[in-house]
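Quick notes on the structure that follows.
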Amino acid sequence: MSALLVNYPSLCSSINFPSFYSSCSLNNKSSSLVVAVSSSVRCFSSLSPHPPLRYAILGAGFAGLSVAWHLLQTVSKDSHLCIDIYDEVGIGGGASGIAGGLLHPYSPKAKLLWKGAECWEECLKLLNIAEAAVSSRKDFNHDGEEVIVWRRGILRPATTVKNVDILTENARDCLRSCKLESVDEDGAQNLVPNLCVPFNSAIYMPQAVNVHPQRYLQALFLACKNQVLDLAASGYEGKEIYLHKKSVNSLLELAGDYNAVIICLGANSDTLPELSGWLPLRTCRGVVAHLQLPNDVRDEYGSQSPSILSDAWIAAQGPRNLVMGSTWEWRSRNYSPKVSAEEASLAFDELLLKASDVYPSIRKWDFTGARAGLRAMPPLTPFGSIPVLGCVDDAIIGNCRCKYWVFTGLGARGLLYHGWLGKLMAQAVHSGNEDVLPPESTSWRKIRQ
């Protein structure tokens with residue numbers, strides 16, 4: 001990166017701007033310079049009484065961007081703070097970006113998940129923050145082409161007789177902010193015409209939502225950049241955030257530059273030599289299929305119809321666009337989001353067979369493509385599959401000053417868990433205190449031992 005030379009406090013010396021800086025403005029009252037960049041924002045000041053803090057975040061998916069946002073909220077406003085995000089494929093380029101986006105706090109049996117209430121609340125907050133960041137843009141498209149969240153609920157038909165009783169019983173104990181309603185076949189078909197409800201029972205989650213993961217992550221990064229600029233406008237300069245589209249091959253590459261490094265690489269955490277074989281993660285590759293309704297077919301998906309959960313899920317992204325998922329290939333080491341023609345064909349056939357059992361009309365839709373992601377599945381615990389968090393300094397040989405943290409193993413519930421756990425991770429990193437984290441999330445150490 002080219003040098004930016006500023007003489008504080010007068011700001012009268014020469015300034016050399018790199019060619020990629022998109023804008024800058026001088027704030028004479030606070031002796032600061034704000035520079036906005038396409039993938040980063042810096043706000044400079046010499047007035048902060050606190051020593052500068054530098055944090056590196058590896059990974060620009062759900063975990064990484066949640067930590068970045070919450071570090072901006074956690075660190076004192078008048079502190080110098082630099083956040084560098086490293087991801088060679090950019091925002092949402094990994095498994096987070098191809099997630100199904102069906103967001104609710106319940107298990108397949110309609111039981112509230114571990115810390116479901118806290119995670120649900122924090123995730124909704126981040127969704128609102130991301131939507132506000134995008135809607136504030138001058139070039140925002142109000143025609144619906146940039147929708148981040150579809151608030152139409154989710155419907156889960158019972159697929160076995162045993163399932164009927166379990167779902168009905170568990171539906172009685174739900175969150176007020178995400179209610180569960182038992183509906184019969186008529187009620188379900190009023191919500192989704194032509195839906196097949198073989199056992200005359202379904203669970204409807206009217207407050208559950210469907211998220212476009214790629215748009216959401218881009219919007220959350222935009223919110224981070226806006227936060228830096230908003231703080232500068234309020235007189236709190238010294239904040240920087242950067243996205244570096246490059247890989248980090250070893251944690252020791254960063255040791256002398258940062259106060260802390262937070263590893264949010266999902267399944268890629270194991271590619272770091274210091275952590276190879278060190279974390280108790282299982283890998284599972286998932287393929288999702290994108291479908292579009294042919295132009296000559298009028299049987300559109302209802303504009304207010306909920307998405308569907310079953311043996312295969314169907315995420316509605318408009319009246320003529322659906323996403324269908326997901327396959328589960330355990331122990332895969334295929335990190336590529338690209339899907340071969342053969343893999344796509346096999347995945348589509350598998351998913352279509354399952355999805356058409358509850359929504360037969362999906363057979364009228366055309367397959368338009370497939371994407372894949374490698375999930376990092378956490379170990380099973382008495383509380384369920386809990387993400388892996390904690391300080392991993394003891395894994396780094398030769399470390400002198402920098403602290404290392406890991407936030408991974410979000411599995412298939414990264415969207416639900418990333419907000420609340422990202423908030424706690426930011427607090428733990430800034431305070432240097434692992435006790436801030438839920439003990440269940442650090443219990444993986446016992447499993448490893």
### Message
Holding to salt bridge (charged side-chain N to carboxylate O under 4.0 Å, His left out), I want the full list of residues that pass it with Glu121, two or more places apart in sequence or in another chain.
### Response
Lys125
### Message
Please enumerate all residues that pass side chain to side chain donor-acceptor pair (under 3.5 Å) together with Asp357, with sequence neighbours excluded.
### Response
none
### Query
Taking only residues two or more places apart in sequence or in another chain, which ones pass side chain to side chain donor-acceptor pair (under 3.5 Å) with Gln317?
none
### Summary
Asp270 meets the side chain to side chain donor-acceptor pair (under 3.5 Å) criterion, sequence neighbours left out, with Arg333
## Note on the structure
In this structure, CG of Leu71 is separated from OG of Ser66 (nearest 0.5 Å) by 9.5 Å
#### Entry: Residue pairs fulfilling ring pair (Phe, Tyr, Trp, His ring centres under 6.0 Å) with at least one residue in residues 171-213, sequence neighbours excluded
none
### Summary
For Phe367, the ring pair (Phe, Tyr, Trp, His ring centres under 6.0 Å) test, sequence neighbours excluded, returns Phe348
### Query
Would you call Arg151-Glu131 a salt bridge at under 4.0 Å N-O?
yes
### Query
Hey, does Leu102 have a side-chain heavy atom less than 4.5 Å from the side chain of Met205?
no
### side-chain hydrogen bond (donor to acceptor under 3.5 Å, both in side chains) partners of residues 90-107, not counting sequence neighbours, each pair once
none
### Query
Can you tell if the side chain of Leu58 reaches within under 4.5 Å of the side chain of Leu254, non-hydrogen atoms only?
yes
### Message
If the condition is ring pair (Phe, Tyr, Trp, His ring centres under 6.0 Å), which residues does Phe62 pass it with, not counting sequence neighbours?
### Response
His418
### Message
Among residues at least two apart in sequence or on other chains, which ones pass salt bridge (charged side-chain N to carboxylate O under 4.0 Å, His left out) with Arg152?
### Response
none
#### Entry: Residues that Tyr359 engages under ring pair (Phe, Tyr, Trp, His ring centres under 6.0 Å), provided they are two or more places apart
Tyr301
### Query
Say you draw a straight line from CZ of Arg156 to CD1 of Ile203; how long is it, rounded to the nearest 0.5 Å?
9.5 Å
### Query
Do Lys115 and Leu421 touch side chain to side chain, with heavy atoms closer than 4.5 Å?
no
### Task
Using a 4.5 Å cut-off on heavy atoms from C-beta on, say whether the side chain of Leu389 contacts that of Trp405.
no
### Message
Suppose the criterion is side-chain hydrogen bond (donor to acceptor under 3.5 Å, both in side chains): which pairs have a residue in residues 172-183, not counting sequence neighbours?
### Response
Trp120-Ser177, Glu169-Arg172
### Query
Is there a side-chain contact between Pro379 and Val388, using heavy atoms and a 4.5 Å cut-off?
yes
#### Entry: Note, Leu351 side chain near Thr327 side chain (heavy atom, < 4.5 Å)
yes
### Task
Measure the OG1-CD distance between Thr442 and Glu434 for me, rounded to the nearest 0.5 Å.
5.5 Å
### Message
Do Ser307 and Trp150 make a side-chain contact, defined as non-hydrogen atoms from C-beta onward lying under 4.5 Å apart?
### Response
no
### Task
Please round to the nearest 0.5 Å and tell me the distance separating atom CG of Leu291 and atom CZ of Arg320.
13.0 Å
### Task
Could you check if a side-chain atom of Leu281 sits within less than 4.5 angstrom of a side-chain atom of Trp444, using non-hydrogen atoms only?
no
### Task
Would you mind listing every side-chain hydrogen bond (donor to acceptor under 3.5 Å, both in side chains) that reaches into residues 367-384, with sequence neighbours excluded?
Ser326-Arg375
### Message
Could you check whether Lys423 pairs with Glu118 (Lys NZ or Arg NE/NH1/NH2 to Asp/Glu carboxylate O, under 4.0 Å)?
### Response
no
